[in-house]
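To start, the structure itself, in structure tokens.
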Amino acid sequence: MIFKKRTHTCGELRASDIGKIVTLNGWVDRRRDLGGLIFIDLRDRYGKTQIVFSPQHNYEAFQIAKELKSEYVISVTGKVERRPKGAENPSIPTGEIDVLADEVQILSKSETPPFLIEDDINVSEELRLKYRYLDLRRPIMQANLITRHKMAQIVRRYFDENNFLEIETSFLVKSTPEGARDFLVPSRIHPGKFYALPQSPQLYKQILMVAGFDRYFQIVKCFRDEDLRADRQPEFTQIDIEMSFVTEEDVFNIVEGLMARLFKEIKGIEIPTPFPRITYKEAIETYGTDKPDLRFDLKIVNVTEIFKTTEFKIFRETIEKGGIICGLNLKGCANYSRKQIDELTTLAKNYGAGGLVHFKVENGEIDSPVAKYFSKLSLQKLKEKMDANDGDLMILVSDEPQKVYSILGNMRIELGRKLNLIDEDEFKLAWIVDFPLLEWDGEENRWVSVHHPFTSPKLEDIQLLDTDPGKVRARAYDLVLNGNEIAGGSIRIHDAQLQEKIFRLLGISDEEARKKFGFLLEAFKYGPPPHGGIAFGFDRLVMIFTGMKSIRDVIAFPKTSSAISLMDEAPSEVDPKQLEELHIQIKRED
RNA sequence: GGAGCCGUGGUGCAAUUGGUUAGCACGCCAGCCUGUCACGCUGGAAGUUGCGGGUUCGAGCCCCGUCGGCUCCGCCA
């Protein structure tokens, strides 16, 4: 098809272009047919421009304009004119002008789309995903992917300026134990053998350090076959970083510089550096999570001490069993009705609490259905400890520590939202440090790595490896932004003996270690430099920068929560011939 | 693996205690309309109530199963 190519985009023309003869290519966004005059909004990714068809001006073009429907692709040629006084549209950048059509050509027709191509659509995500190409025509989705692109470019520029090399690593890699479930790729050439898609390029970037590429980064797809969430997809993108001859401070420095750059160039915000550091212990005990949202206070207060000798049976027995009592002070909520308090209780139960005890502070008095079980003194102490004043509502949960923290941590987030404590325009970054190195896995009856098996313990804790492994802190760190974990990393072990010791602790035999990641251990025999790094969840970062609630809105072709792609219907069955070639037989389950 | 919410013309929603011909808006189609921009006005078409089974004189509504979407727990070094 021969067609007139555009001279300008649909977001480009201004008053200064008045008088020019231009050609625009784009999609018909909306037609307003006034009978004797037809207006068309022509759309492309740069914006919208109003086209005017008038029978007096050009009868032929006017006749074609009558045929135009939503999402037809057209080429229009005409003169840029100033809109009549009072007919300007100040809500769009091209609103001062319109293009008076001399000529219009339909480049392709469209069926009526299943939903309107506009920002504030009211349509199920299911339909959006099925017709993703239409969903992606919406300006907001285009803006999201444009922001994503810009952020990727800033990342590349930043690391290049700082002497990092972007090096691609393989996607068909060796399956390694530990961590997430692998996506497997069967080998045609080697019957019964499989590649894995990388959960992250972890081992390979460490080997690049051994190879002497002392500053590496990569924007890279990673694959994990685990259940999905709003912020988790089976394939996702990391900004992967590794550096040699460094300590934590060097990693923090380079990351803080990157974040400052991104915030400045994308959001126009100067964020203060260095970022505050919070220990894992402090995060859990104060916010009930290792990824606290620091935009609001509502801290967890531990009041176990006050109730050590209480008459109140539930509290006393919990404490005797090693449990704790913690609470939140809901400022100004003393006027909560019975119904509202019941809702709080339900919320707590949803998060696994046995119940919820509450105290209202009014006129200096502490009021509660269970007040009679407590001494005046202990209630006074409670009020002081929780910094409660008239009008406040204190809620308490008692259970084993882990449970209390997770219940109150979840409630804190929910209540922060409900009580409007969160400023959506604010961005609070923090490092979470001093993670435990190991965690006891009750099911498998062994220690497992909190981060990964190559994470270095803190030097001063190494002797605890033999006596009290659970107490050993790792040289690991997470970067947290508004309650999201956006990056995590560590200083690695580069000492073969220490690495072997960790493997032994994890119950990985020498032979197993050799079999599973012997190539890394082998590489480490030849002068591994001290090294460490970090990896960002790029999708999450873009999600936060664009203000989206799900990473699906910043990924071109995401999967549903059951890991299906509704547009192309992957995964699908394959031709038996393909299976044959791959030496694979499907076991039918009943 | 578990829990919650949801599934009704193309789309988003409504439908009283289980009871008449399943209603509204947007979109779509036709006609009218020369400065609209969510154009307006008039008229019209459009439904296997996700699917399968059950209870009932009667099911969009109740029960069981199943499929799909979203959120959360487990899981995600």
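Protein chains get the first letters and strands the later ones, always in sequence-line order, with residue 1 at the start of each.
Looking at the side chain of Ser562(A), the nearest of the listed nucleotides G35(B), G68(B), G12(B) is G68(B). Counting only heavy atoms from C-beta on, Leu127(A) has its side chain closest to U11(B) among G68(B), U71(B), U11(B). Of all nucleotides listed (C28(B), G35(B), G69(B)), G69(B) comes nearest to the side chain of Thr560(A). Nearest nucleotide to the Leu129(A) side chain, out of C37(B), C72(B), C70(B): C70(B). When distances run from any side-chain atom of Leu34(A) to the nucleotides G12(B), C39(B), U71(B), the shortest one goes to C39(B). Nearest to the side-chain atoms of Pro114(A) among the listed nucleotides G10(B), C33(B), C75(B) stands G10(B). In this structure, of G12(B), G10(B), U71(B), it is U71(B) that holds the atom nearest to the side chain of Ser561(A).
Atoms CZ (Phe115(A)) and C1' (G9(B)) sit 18 Å apart, rounded to a whole Å. To the nearest angstrom, C1' of G10(B) lies 13 Å from CG of Leu134(A). With rounding to whole Å, Gln402(A) atom CD is found 10 Å from G74(B) atom P. The separation between Lys403(A) atom NZ and C73(B) atom P is 15 Å, rounded to whole Å. Going from atom CG of Asp227(A) over to atom P of A3(B) covers 14 Å, rounded to whole Å. The nearest whole Å value for the distance from the CG atom in Asp119(A) to the P atom in U11(B) is 21 Å. Nucleotide U36(B) holds its C1' atom 15 Å from the CG atom of Leu100(A), rounded to whole Å. The distance between atom CD of Glu118(A) and atom P of C39(B), rounded to the nearest whole Å, is 9 Å.
Put simply, the side chain of Val22(A) reaches to within 4.5 Å of the side chain of Leu13(A), judged on heavy atoms. Inter-residue side-chain proximity for Gln50(A) and Arg83(A) is flagged as met; some heavy-atom pair is nearer than 4.5 Å. Between Leu521(A) and Gln499(A) the shortest side-chain heavy-atom distance falls below 4.5 Å. For the pair Met411(A)/Tyr351(A), a side-chain contact is recorded, criterion being any heavy-atom separation below 4.5 Å from C-beta on.
Note on Arg30(A): every side-chain N or O is 4.0 Å or more away from OP1 and OP2 of G27(B). Applying the 4.0 Å criterion to OP1 and OP2 of G12(B), one finds that Ser124(A) has a side-chain N or O inside that range. Contact check, Arg32(A) against C33(B): no side-chain N or O comes under 4.0 Å of OP1 or OP2.
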Exercise. Given Trp431(A) and Phe252(A), is the ring-ring contact (aromatic ring centres under 6.0 Å, His included) satisfied, shown in steps?
Worked result: CA-CA 8 Å; Trp431(A) 292 105; Phe252(A) 289 0; 4.1 Å; yes

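Checking G52(B) for Watson-Crick or G-U wobble geometry (two distances, each under 3.5 Å) identifies C64(B) as its partner. The pairing partner recorded for A59(B) is none, the criterion being a Watson-Crick or G-U wobble arrangement whose two distances lie under 3.5 angstrom. The base-pairing partner of G4(B), taking Watson-Crick or G-U wobble contacts with both distances under 3.5 Å, is C70(B). Of the nucleotides present, G12(B) is the one that pairs with C24(B) by Watson-Crick or G-U wobble criteria, both distances under 3.5 Å. When Watson-Crick and G-U wobble pairs are counted only if both distances are under 3.5 Å, G43(B) pairs with C29(B).
Heavy atoms of Lys69(A) sit under 4.0 angstrom from primed sugar atoms or phosphate atoms, though from no base atom. Here Ala180(A) lies in heavy-atom contact (under 4.0 Å) with sugar-phosphate atoms only. Contact annotation for Ile38(A): no contact, since no heavy-atom pair falls under 4.0 Å across all strands. Across all strands shown, Gln202(A) has heavy atoms under 4.0 Å from base atoms, whether or not it also approaches the sugar-phosphate. Contacts of Ser200(A) with the nucleic acid, taken as non-hydrogen atoms under 4.0 Å apart, include base atoms. Nucleic acid contact for Pro84(A): base, since at least one base atom lies under 4.0 Å from a heavy atom of the residue. Counting any heavy atom pair closer than 4.0 Å across all strands shown, Val448(A) reaches no nucleic acid atom. Nucleic acid contact for Glu88(A): base, since at least one base atom lies under 4.0 Å from a heavy atom of the residue. Nucleic acid contact class of Asn410(A) (heavy atoms, under 4.0 Å, all strands): none. In this structure, Glu125(A) reaches the sugar-phosphate backbone alone: every heavy-atom distance under 4.0 Å involves primed, P, OP1 or OP2 atoms, never a base. Using a 4.0 Å heavy-atom cutoff across all strands shown, Asp225(A) reaches no nucleic acid atom at all.
Under a cutoff of 6.0 Å and an axis angle of 45°, Arg412(A) and Phe296(A) form a cation-pi pair.
The gap from the C1' atom of G23(B) to that of C61(B) amounts to 16 Å, rounded to the nearest Å. Rounded to whole Å, the C1' atom of G7(B) lies 14 Å from the corresponding atom of U66(B). With P as the reference atom, G4(B) and G47(B) are 35 Å apart, rounded to whole Å. A gap of 8 Å separates the C1' atoms of G50(B) and G68(B), to the nearest Å. Between the P atoms of A45(B) and U8(B), the separation comes to 23 Å (whole Å). Nucleotides G69(B) and G12(B) are separated by 15 Å at their C1' atoms, to the nearest Å. Remark: the separation of the P atoms in C63(B) and A38(B) is 45 Å, to the nearest Å. Atom name C1', nucleotides G53(B) and C67(B): the rounded distance is 15 Å, in whole Å.
Of the listed residues (His531(A), Glu242(A), His494(A), Arg492(A)), just one forms a side chain to side chain donor-acceptor pair (under 3.5 Å) with Gln206(A), and that residue is His531(A).
Here Phe454(A) and Phe517(A) bring their ring centres to under 6.0 angstrom of each other.
The base of C37(B) lies outside donor-acceptor range of the side chain of Arg31(A), with no N or O pair under 3.5 Å. A donor-acceptor contact under 3.5 Å is formed by the side chain of Arg232(A) with the base of C75(B). Side-chain to base pairing of Asn89(A) with C37(B): one donor and one acceptor N or O lie within less than 3.5 Å of each other. Under 3.5 Å, the side chain of Arg128(A) and the base of G69(B) form no donor-acceptor pair of N or O atoms.
Applying the 6.0 Å contact sphere to CD of Glu60(A) captures no more than 12 heavy atoms from other residues, nucleotides or ligands.
Side-chain atoms of Tyr216(A) and Asp240(A) form a donor-acceptor pair, as typed in the model, at a separation below 3.5 Å.
Both thresholds, 5.5 Å between centres and 30° between ring planes, are met by Phe39(A) relative to the base of U36(B), so the two rings are stacked.
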